[in-house]
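Structure, as C-alpha cells:
Every number for a ligand or one of its atoms is a count from 1 in the order of the listing. The structure displayed is predicted, hence computed values, not measured ones.
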Amino acid sequence: MRVDILTIFPDFFRGPLDYGIIRRARETGLAEVSIHDLRNFTKDKHRTVDDRPFGGGEGMVLKPEPIFECLESLGGLAPRAERINGSAKQSVIVLSPQGARLDQALAAELSTLERIVLICGRYEGVDDRVSEHLADREVSIGDYVLSGGELGAAVILDTVVRLIPGAVGNEASTRQESFTEQLFAGEGARATPESGPSSTCVSGGLLDYPHYTRPADFRGMAVPEVLVNGNHEDIRRWRRKTALAKTLRNRPDLLERVTLTDEDRELLDEVRSPQAGI
Ligand code: SAM
C-alpha cells in the first residue's frame with residue numbers, strides 16, 4: 001500500500017512512522033509512506049497556507065491551492081469518480097471531525113486499498129472545495145475536536161497498516177481483537193474445544209477478553225485459575241464470558257449490534273446474576 005500524507009507539520013510524523021509495526025511494514029515494503037509539506041506548494045515568500053474565511057467569522061482556513069497542487073504532483077491517482085465507485089482501489093481522505101467515524105470495519109475496508117492519501121486540516125479546517133472536488137471521503141477519528149488532522153492521520157495509518165496481511169507477525173491476533181466482527185475467509189464460525197483456546201475467541205464484534213502472562217502470581221494477585229488448568233473448553237467459555245462482561249460494562253451499545261448465540265445469552269445471564277463475580 002502507498003500512503004501519502006499532506007500536512008503543514010511534516011516533522012510531526014517522525015515518531016509515528018519510526019516504531020513497531022509501521023516501521024516494519026515500511027522496511028519490508030508492505031507500506032510506502034511519504035509525507036508532503038504543503039508549504040512547498042505555496043508561491044509567496046511567506047509560504048502562506050491559510051486565509052480568512054469568506055463570510056467572516058473566527059479563525060483561518062487552509063487554502064485550496066497548495067492542497068490541489070500537492071495532490072496533482074503525486075501522480076498515479078485515479079479520477080475522483082473512480083475512487084468513489086470503487087473501480088480504483090484508492091482513497092483520498094480529508095481528516096475532519098465532520099467525517100464518517102473511523103471504526104474497525106472502515107479500517108478493514110481501507111486496508112484492502114492500494115493507495116491512500118490523508119489530508120490533514122488545521123485552524124478552522126480545510127477549504128471545502130477540497131472535500132467537494134478532490135477528496136472522496138472525510139473521516140473523523142472520534143466525536144471530539146483536535147487542533148489538527150495529524151494525530152488522526154497517524155491513527156488511521158496505524159490501524160490500517162496493521163491489517164495489511166503480513167504486517168503483524170501473528171496474523172490471527174488481528175482477527176481475535178475487539179470490534180472484529182467478521183470471520184476471515186476459511187475460518188469457521190465457532191472453533192471446537194479440540195482446536196485449542198487460541199483460536200476460539202474471535203470477538204464477534206465484542207470487546208476483547210482479558211489477557212494475562214507470567215508470573216502466575218504477582219504480589220499476591222493470581223491469574224484466574226481457569227487459565228492455568230489447561231482445559232481448552234473451560235478457557236474458551238471463560239474468555240467469551242469475560243468478553244461479554246466487559247462489553248456489558250464498558251460498551252453496552254456493542255451488544256445491541258452483534259448477533260448473540262444461545263450460549264452468549266446464557267453467559268450474559270450468568271454475568272448479570274449477582275453471584276457472577278466478574
Ligand atoms: N471547525 C472544525 C469543526 O468545528 O468541525 C474543527 C477544525 S479542527 C480545530 C482543525 C483540524 O483538525 C480539522 O480540519 C481536522 O483536519 C482535524 N481534526 C479535528 N478533530 C478531528 C477528528 N475528530 N477527526 C479527524 N480530524 C480532526
Side-chain angles (χ1 to χ4, degrees), residues 1-17 22 31 33-42 46-74 77 80 83-84 90-111 113 115-163 178-179 250-251 253-254:
M1 172 185 286
R2 174 171 167 185
V3 182
D4 294 282
I5 301 178
L6 281 54
T7 173
I8 61 169
F9 293 127
D11 288 348
F12 184 96
F13 292 94
R14 278 202 193 142
L17 294 185
I22 302 286
V33 186
S34 308
I35 311 296
H36 306 277
D37 184 351
L38 287 169
R39 292 193 195 277
N40 292 340
F41 296 86
T42 55
H46 300 296
R47 309 178 84 205
T48 309
V49 288
D50 58 330
D51 208 336
R52 288 184 216 286
F54 275 118
E58 296 305 310
M60 303 293 272
V61 176
L62 279 188
K63 290 160 66 64
E65 304 97 306
I67 298 175
F68 272 74
E69 287 184 24
C70 179
L71 206 94
E72 283 154 10
S73 77
L74 299 181
L77 274 171
R80 183 171 184 267
R83 288 182 261 125
I84 289 174
Q90 304 180 346
S91 189
V92 176
I93 299 168
V94 175
L95 275 298
S96 168
Q98 300 143 34
R101 200 161 52 185
L102 179 69
D103 60 12
Q104 194 67 9
L106 178 54
E109 180 192 332
L110 296 176
S111 75
L113 301 181
R115 191 157 176 195
I116 293 176
V117 179
L118 299 166
I119 301 173
C120 305
R122 278 276 157 179
Y123 315 122
E124 286 308 313
V126 179
D127 185 301
D128 221 57
R129 285 166 288 193
V130 171
S131 290
E132 289 164 12
H133 301 287
L134 192 64
D136 47 85
R137 62 177 110 198
E138 297 176 317
V139 174
S140 162
I141 63 161
D143 290 348
Y144 39 77
V145 178
L146 300 161
S147 49
E150 287 76 10
L151 274 171
V155 167
I156 293 179
L157 183 69
D158 190 284
T159 187
V160 169
V161 166
R162 67 194 297 285
L163 292 176
S178 301
F179 315 114
N250 292 343
R251 292 292 305 275
D253 56 303
L254 295 177

Task: Numbered atoms and elements of ligand 1 in range of Gln98, under 4.0 angstrom, heavy atoms - done: 2 (C), 3 (C), 5 (O)
Task: Min side-chain heavy-atom separation Leu134-Phe68 under 4.5 Å - done: yes
Open item on the list: Students should be able to answer this: which protein heavy-atom is nearest to atom 23 (N) of ligand 1, and at what distance?
Closed with: Tyr144 O, 2.8 Å
Open item on the list: Under 4.0 Å from a heavy atom of Glu124: which atoms of ligand 1 are those, numbered in the order shown and with their elements?
Closed with: 1 (N), 2 (C), 7 (C)
- [ ] Answer yes or no: is there an ion pair linking Arg39 with Asp37, defined by an N-O contact shorter than 4.0 Å?
- [x] no
Task: Within-4.5 Å side-chain heavy-atom neighbours: Arg52 and Met60 - done: yes
Task: For atom 20 (N) of ligand 1, the protein heavy atom that lies nearest, with its residue and separation - done: Leu146 N, 2.9 Å
- [ ] Could you tell me whether the side chain of Lys63 reaches within less than 4.5 Å of the side chain of Leu38, counting heavy atoms only?
- [x] no
- [ ] Enter the distance from Arg115:CZ to Leu77:CG here, rounded to the nearest 0.5 Å.
- [x] 4.0 Å
- [ ] Can you sort out which atoms of ligand 1 are near Val145, meaning under 4.0 Å from one of its heavy atoms?
- [x] 6 (C), 8 (S), 9 (C), 20 (N)
Task: Donor-acceptor under 3.5 Å (Ser91 side chain, Ile93 main chain) - done: no
Task: Sub-3.5 Å N/O-N/O distance, Gly142 and ligand 1 - done: yes
Task: For Gly125, the ligand 1 atoms whose distance to one of its heavy atoms is below 4.0 Å - done: 14 (O)
Task: pair Arg122-Asp50: side-chain heavy atoms closer than 4.5 Å - done: no
Open item on the list: Rounded at 0.5 Å granularity, tell me how far OG in Ser140 sits from CG in Leu102.
Closed with: 8.0 Å
Task: Sub-4.5 Å side-chain heavy-atom contact between Asn40 and Arg47 - done: yes
Task: Of the listed options Gly152, Gly149, Ser96, closest to atom 25 (C) of ligand 1 (non-hydrogen atoms) - done: Ser96
Task: Atoms in ligand 1 with a heavy atom of Ser147 nearer than 4.0 Å - done: 10 (C), 12 (O)
TODO: Return a yes/no value for Val139: is any of its N or O atoms, backbone included, closer than 3.5 angstrom to an N or O of ligand 1?
DONE: no
TODO: Report yes if Leu95 has an N/O atom closer than 3.5 Å to an N/O atom of ligand 1; otherwise report no.
DONE: yes
Open item on the list: I'd like to check whether Tyr123 has a polar contact with ligand 1, where a contact means an N/O of the residue lying under 3.5 Å from an N/O of the ligand.
Closed with: no
Task: Taking atom 18 (N) of ligand 1 as the reference point, the nearest protein heavy atom with its distance - done: Pro97 CD, 3.7 Å
- [ ] Among all protein heavy atoms, pick out the one at the shortest distance from atom 24 (N) of ligand 1; state its residue, atom name and that distance to 0.1 Å.
- [x] Ile141 N, 3.0 Å
Task: Nearest-0.5 Å distance, CD of residue Gln90 to CE of residue Met1 - done: 11.0 Å
Task: Contact (N/O only, under 3.5 Å) between Val126 and ligand 1 - done: no
